[in-house]
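Notes for the one structure printed next.
Within every chain, numbering begins at 1; the chains are lettered A, B, ... in the order of the sequence lines, protein sequences first and strands thereafter.
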2 protein chains.
Amino acid sequence: MDIIKELGEIALGSRLKRLSDRFMQDVSKIYKSQKISFEPRWFALTNYLYNYGGSSILDLASSIGFSHPAVVQFVNQMEKEKLVEEFDDGNDRRKRMVRLTEKGKSLFESLQPLLKEIEDSVKEIIQATGYDLLHVIESVENALDEKDIYNRTLKRTKQRHMDAVEILRYSPVLKEQFKRLNYEWLKKYFKVEKEDEKILSDPEKEIIDKGGEVFFARLENEIVGTCAAIKINDDTYELAKMAVTEKAQGRQIGKKLALAVIGFAYSKKASKVTLETNRRLQAAVNLYESLGFKSVPMDKESKYERTTFKMKLEL
Amino acid sequence: MDIIKELGEIALGSRLKRLSDRFMQDVSKIYKSQKISFEPRWFALTNYLYNYGGSSILDLASSIGFSHPAVVQFVNQMEKEKLVEEFDDGNDRRKRMVRLTEKGKSLFESLQPLLKEIEDSVKEIIQATGYDLLHVIESVENALDEKDIYNRTLKRTKQRHMDAVEILRYSPVLKEQFKRLNYEWLKKYFKVEKEDEKILSDPEKEIIDKGGEVFFARLENEIVGTCAAIKINDDTYELAKMAVTEKAQGRQIGKKLALAVIGFAYSKKASKVTLETNRRLQAAVNLYESLGFKSVPMDKESKYERTTFKMKLEL
DNA sequence: ACCATTTACGTAAGCACTTACGTAATATAT
DNA sequence: ATATATTACGTAAGTGCTTACGTAAATGGT
């Protein structure tokens with residue numbers, strides 16, 4: 001029973017590694033059986049030097065796709081075998097220019113028939129599968145170039161996290177949570193101002209009764225975030241008092257709360273949502289921008305010291 | 001410019017490695033971004049323990065395809081995190097049985113949604129290529145199982161070596177080579193006997209004039225092997241005095257020389273070829289067997305001390 | 001029952017790289 | 001012109017395995 005095979009897509013990396021090892025080990029075995037004093041890992045380097053002539057260490061590294069310490073190692077080893085030699089760049093004394101010696105060139109040339117045979121063997125294998133393997137690989141590489149596994153997965157994970165968050169409307173039992181969550185982040189980044197104390201101590205009077213709403217985010221039976229929609233006038237609501245607890249951050253909770261506020265404003269037939277924030281809160285500003293908020297000039301002094309600018313969203 | 005891609009089939013191993021690394025690194029990055037205290041390399045082990053329960057170190061190693069020291073490492077690391085625990089086998093005190101702890105189980109379970117998302121991302125990639133990648137890989141694996149790159153290449157290389165060897169018939173200028181090559185190997189494995197001296201010193205009188213022939217193998221303008229067809233009677237020729245110089249061994253020269261002798265006997269309308277050899281010369285005996293020679297009882301004492309048995313080929 | 005062989009596991013060393021970091025030479029900005 | 005940044009390279013240390021080897025426990029043949 002082949003576990004890696006059984007696991008399917010989830011172990012694709014391991015399966016490809018196993019396949020790659022099989023190819024590379026076989027090639028190594030071929031060299032050994034032919035008693036050729038040439039290490040397979042030198043191949044890319046030698047091939048490059050043979051076709052493109054002398055190069056510096058870093059040029060070689062980036063050309064053949066190894067780190068430069070690896071190239072230093074290869075060059076040192078091959079120098080011992082007198083397959084490569086150094087020469088001066090002439091301009092830049094930091095550079096260690098490397099080229100093949102005559103011995104190196106002729107060894108590489110003598111390798112050609114064997115390489116051709118390896119190539120033919122690989123082609124034979126590929127032909128036997130009936131697929132154009134190189135083209136398949138290229139397609140996979142292209143798909144990954146377009147968007148890698150990391151980003152594809154992250155997108156799905158974010159969606160899951162958003163789905164897991166429940167948004168609740170205000171109820172008296174949640175009053176203390178509103179205060180706790182806001183105090184938590186205010187103390188961390190700024191300080192609790194007079195206006196904060198007023199609103200956070202009595203949201204019913206300060207927000208709800210004036211036609212606004214307070215939303216809460218619940219994740220696995222815990223209240224992890226909150227946000228208020230404060231009515232400015234029939235046409236405008238302010239998004240304010242957003243706070244998400246530390247350990248739940250990065251789970252799209254802010255986004256969901258903001259969307260709740262926007263939805264609330266929309267249901268009240270308002271035409272815009274405003275907010276005040278601070279440049280320091282980069283993550284928050286990014287979120288607002290992703291939702292369509294634009295910076296607007298400060299029309300009048302804010303009630304809060306921490307405010308550095310305003311944003312607006314047209315509905 | 002992508003050198004690995006340019007190289008095509010010859011760098012297929014490296015290309016697959018690069019692709020595999022890309023998958024595996026992305027997965028590792030995903031775990032890290034989710035701040036999960038779980039190493040991707042533990043996955044196979046954990047998955048096995050979760051599905052199949054407690055196992056010993058060696059069982060785990062063979063099941064998940066790592067070496068046992070690797071499993072020891074994983075288990076020690078996971079034990080530190082209290083993800084696995086040990087228990088006694090009861091019968092065998094050498095065994096260190098391992099199973100997941102409750103913490104390990106629940107961590108693995110909590111990982112499932114993420115794994116599903118990774119799997120879906122991989123599936124998405126594969127779908128985008130339009131190929132059934134897993135099936136393509138399986139086809140390649142099957143082709144390799146049938147005959148690996150090493151053996152496919154070796155077959156081609158042997159053919160090339162055979163093609164590169166020229167077989168020459170006796171001419172007086174080659175007389176010394178016949179002696180030199182035979183002395184070389186006689187001294188290495190046995191000793192030069194009276195009968196050897198007689199034949200090697202005057203092949204014209206001892207072989208050619210009696211209706212036999214001496215063949216030589218020339219490789220890149222160097223005589224690297226020799227072999228004689230000694231006429232026993234009209235019906236029988238003896239394959240004898242085969243010698244291939246050390247550094248040219250493994251290049252199918254013996255085979256080609258033997259075929260020359262067999263061909264010579266055939267052209268003389270003989271019905272069998274015999275030879276005398278020694279069990280110690282395993283490579284030579286294998287060659288003779290591959291050509292169809294069978295062991296036969298010694299009908300009479302050999303002229304050579306080194307002979308331990310005879311072989312015969314019916315034409 | 002006894003000794004040789006095999007098995008299970010741990011440890012050490014090796015491998016083929018990588019990342020991290022330090023130093024000297026060169027390029028760039030003021 | 002001089003300070004600062006950047007680049008080229010070497011070295012050290014780390015990584016994620018492997019192979020090689022040693023020891024203790026179990027097994028098997030006589």
Study note, to complete from the structure: chain B reaches DNA chain D, atoms under 4.0 Å from its heavy atoms, from D:dG16 to D:dA26
Study note, to complete from the structure: So salt bridge (charged side-chain N to carboxylate O under 4.0 Å, His left out) across residues 59-82 of chain B, not counting sequence neighbours, yields B:E79-B:R96
Check your understanding: Hey, which of these two, A:E86 or B:D92, hits DNA chain D nearer its 5' end, going by closest nucleotide?
Key -> A:E86
Check your understanding: Taking only residues two or more places apart in sequence or in another chain, which ones pass salt bridge (Lys or Arg N to Asp or Glu O under 4.0 Å) with A:D132?
Key -> none
Point to revise | B:R306: salt bridge (Lys or Arg N to Asp or Glu O under 4.0 Å) partners, not counting sequence neighbours | key: B:E193, B:D196
Point to revise | Pair of N/O donor and acceptor under 3.5 Å linking C:dT7 base with B:R94 side chain | key: yes
Point to revise | Results of salt bridge (Lys or Arg N to Asp or Glu O under 4.0 Å) for B:D145 - residues two or more places apart only | key: A:R22
Check your understanding: Do B:R99 and B:F87 meet the cation-pi criteria used here (NZ or CZ under 6.0 Å from the six-membered ring centre, within 45° of the axis)?
Key -> yes
Check your understanding: How close or far is atom C1' of C:dT18 from atom CE of B:M24, stated in whole angstroms?
Key -> 15 Å
Exercise for review: For A:E39, enumerate each residue passing the salt bridge (Lys or Arg N to Asp or Glu O under 4.0 Å) test, keeping only those at least two apart in sequence or located in another chain.
Suggested key: A:R41
Check your understanding: Would you say a side-chain N or O of A:R93 is under 4.0 Å from OP1 or OP2 of C:dA24?
Key -> no
Practice item. List in numerical order all residues of residues 29-49 of chain A for which some heavy atom is under 4.0 Å away from an atom belonging to DNA chain C. Key: A:R41
**Study point:** Under the side chain to side chain donor-acceptor pair (under 3.5 Å) test, residues paired with A:K158 that sit two or more places apart
**Key:** none
Review point. Which pairs count as salt bridge (charged side-chain N to carboxylate O under 4.0 Å, His left out) when at least one residue sits in residues 105-119 of chain B, sequence neighbours excluded?
Key: A:R160-B:E117, B:E102-B:K105, B:K116-B:D120, B:E119-B:K123
Check your understanding: Which pairs with one or both residues in residues 97-133 of chain B pass ring-ring contact (aromatic ring centres under 6.0 Å, His included), sequence neighbours excluded?
Key -> A:H135-B:Y131, B:Y50-B:F108
**Study point:** A:Q34: partners by side chain to side chain donor-acceptor pair (under 3.5 Å), with sequence neighbours left out
**Key:** none
Check your understanding: When you measure from every atom of DNA chain D, which of residues 54-83 of chain A have a heavy atom less than 4.0 Å away?
Key -> A:S56, A:I57, A:L58, A:H68, A:P69, A:V72
